[in-house]
Amino acid sequence: MRARGTGVDALHSADLSALVGEHRDYGPPMFARGPDVYAHTMTESQRETERKYDAPSADDTSWLPDLTGTDAIASVVDQGTADLDAVYYDTDDLRLAATSATLRRRTGGSDAGWHLKLPLSGDSREEVRAPLSEEVPDALRELALSRTRGAELRPVVRVRSTRGVRQLVGSDGTALAELSVDAVRAESLVGSGTRAAWTEMEVELAPDTDPGLLDAVEKTLGEKGIGRAHSPSKLARALEETDVGAPRVPDACAEAVAPGTAGEAVLRYVDERIRALVDLDPAVRRDLPDAVHRMRTTCRRLRSVLRSYRPVLDRKVTDPVRDELKWLGTELGAERDHEVLRERLGARIEALPRELVFGAASARLQVWDVGDTSEARLRTIATLNSPRYLALLNSLASLTERPPLRGKAARQPEKVMAKAILKEYGRLSDRMTHALELPPGTKRDKALHEARKAAKKTRYATEPARDSLGKPAKRLGKRVKAVQQVLGDHQDSVVARDALRTVALAAHAAGEPSFTWGLLYGQEQAAADRDERELPPVWAEASRRTLRKALHR
């Protein structure tokens with residue numbers, strides 16, 4: 001029983017907090033945004049929230065406690081049995097399994113077809129489904145690309161299950177969850193064809209059911225000695241018990257550097273961001289809200305940290321990676337920048353009194369939006385399907401599997417990281433001083449934009465250091481973030497004014513009134529002026545000497 005996504009309104013926003021302190025979601029199905037932009041209209045997305053348990057037997061279920069009266073469960077209804085047959089696909093070195101993702105072709109039961117499962121937070125996963133076919137559907141192959149990095153997918157294990165299903169029902173007759181007991185037979189499809197068998201149970205929530213029900217059910221099961229399954233999924237257990245082998249999940253920190261060193265801190269951060277980028281790829285392909293922005297920000301964070309911590313990681317290896325991350329961020333930027341502009345200008349028009357909106361301003365904005373959106377979307381998808389992007393993914397994987405450590409990687413992190421942060425701060429200070437000395441105008445706008453980029457680098461440099469330097473790094477990062485936000489608002493206004501001028505010229509050429517566009521231009525200019533007045537006191541707070549002095553503990 002799964003929550004089925006059918007559009008933007010079906011997004012599971014509760015899952016958006018899981019991605020290394022940032023949003024993460026795989027909610028609605030894929031949809032085409034324009035002609036041939038994305039052809040995956042035959043897929044659908046479902047979220048599943050479940051827990052698995054070891055079970056003694058599938059034939060005799062007298063061990064299963066009566067769950068009636070547990071939390072909101074009013075009755076337990078037997079739904080009969082079903083035979084399921086699933087072939088799991090992965091690369092030779094099990095890259096999907098190593099990232100907690102699975103791809104299977106299932107027959108039998110009510111959900112026959114292809115299923116790609118992607119990890120979310122806690123007990124949840126997102127399942128993207130495609131109709132049954134002989135070959136791996138292109139849509140799912142592409143969604144798995146950031147994990148497979150282009151390696152061939154092939155059958156690795158077959159899992160057949162005889163499933164007994166019980167529905168856990170509330171007092172109003174609503175299905176709250178599904179409890180299933182599976183007699184599982186697994187067979188390796190590589191090597192010697194080793195077989196294995198076991199029994200397991202899972203409890204899966206229905207849409208909108210309070211996740212607390214899982215805790216209540218688990219407590220009742222625990223009282224009867226029924227504990228969580230030692231494997232997170234059927235596939236994981238099948239790989240292990242049929243001797244296919246467990247996927248290798250590289251831990252660069254454990255293998256390359258000693259705990260508590262600068263190298264460990266930097267590598268752990270880099271590894272987290274690479275994983276974030278890999279996880280965001282399917283969301284970007286599916287055009288989920290904010291996904292492009294988050295992927296682009298992840299690129300920036302990685303680029304920035306690889307530069308700031310050159311004393312830890314050899315720039316001969318990392319600089320080419322940084323160049324490719326810049327390329328990826330630039331390609332994604334076309335769609336993201338247009339998205340920001342569309343939202344900003346649309347909100348400006350909506351906020352105007354109707355008597356100040358002359359001509360078909362909203363329609364003119366929509367014409368501008370549709371043309372640029374389709375082009376930007378095509379560019380994004382072409383980028384993610386390019387050989388250059390695959391090469392970048394492989395370079396990032398090598399970066400953590402074989403980290404190019406320098407001598408300072410083995411040192412204690414406090415001095416190494418404080419020095420890196422202060423170096424970035426020095427660049428920020430120089431750019432802020434230069435920008436604030438310039439008179440208002442184009443040159444100052446450009447200088448403030450350069451200062452904004454320096455503020456980001458300084459802030460990002462504090463992030464890997466927070467465990468080592470603690471509150472001083474967090475405080476400085478927070479103050480610099482405030483500067484970055486003011487500068488970001490100012491730059492958004494600069495870009496918006498350029499766009500308004502373009503739209504106004506098109507409207508004028510079409511014989512439409514341009515009054516509204518001029519009014520909006522003036523509003524943006526006023527907003528930029530407010531940002532410039534706000535900047536000096538915000539910068540004064542971020543540039544207090546005590547903030548930097550506190551980094552030297």
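Fair warning: this is a prediction, and the values are worked out from it, not measured in the lab. Here, residue 1 is the first one in the sequence, and each next residue gets the next number.
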R275/D279 ion pair, N-O < 4.0 Å: no
Whether E127 and K117 form a salt bridge (side-chain N of Lys/Arg under 4.0 Å from carboxylate O of Asp/Glu) is what I want to check. yes
Taken to the nearest 0.5 Å, the spacing of E324 CD from N394 CG works out to 12.0 Å
Might you confirm whether atom CZ of R501 has over 12 heavy atoms from other residues, nucleotides or ligands at distances under 6.0 Å? no
The reported gap from CG in L448 to CE in M432 (rounded to nearest 0.5 angstrom) is 7.0 Å
Test R129 against Q46 for side-chain hydrogen bond (donor to acceptor under 3.5 Å, both in side chains), laying out the working first. CA-CA 8 Å; R129 299 170 58 181; Q46 305 170 115; 2.9 Å; yes
Got a second to check how far L500's CG is from W517's CH2, nearest 0.5 Å? 7.0 Å
Check each of R344, R530, R497 against E524 using the salt bridge (Lys or Arg N to Asp or Glu O under 4.0 Å) test, and report the only one that passes. R344
Would E424 and K457 pass as an ion pair if we require N to O under 4.0 Å? no
For the side chain of R125 and the backbone of L118, is there at least one donor-acceptor N/O pair under 3.5 Å apart? no
Looking only at atom types and distance, does a side-chain atom of S386 sit under 3.5 Å from a main-chain N or O of T383, one as donor and one as acceptor? yes
Distance, nearest 0.5 Å, that separates CD of E50 from CD of E48: 4.5 Å
Would you call K453 and E450 a salt bridge, taking side-chain N to carboxylate O under 4.0 Å as the test? yes
Could you check whether any side-chain N or O of T99 sits under 3.5 Å from a backbone N or O of R95, counting only pairs where one atom can act as donor and the other as acceptor? yes
Salt bridge present between D281 and R147 (N-O < 4.0 angstrom): no
How long is the straight-line distance from OH of Y460 back to CZ of R273, given to the nearest 0.5 Å? 9.0 Å
Counting distance only, does the side-chain N/O of Y309 pair as donor-acceptor with the main-chain N or O of A461 below 3.5 Å? yes
Looking at R379 and E331, does any basic side-chain N land under 4.0 Å from a carboxylate oxygen? yes
Once you round to the nearest 0.5 Å, how far does NE2 of H449 lie from CD of Q491? 4.5 Å
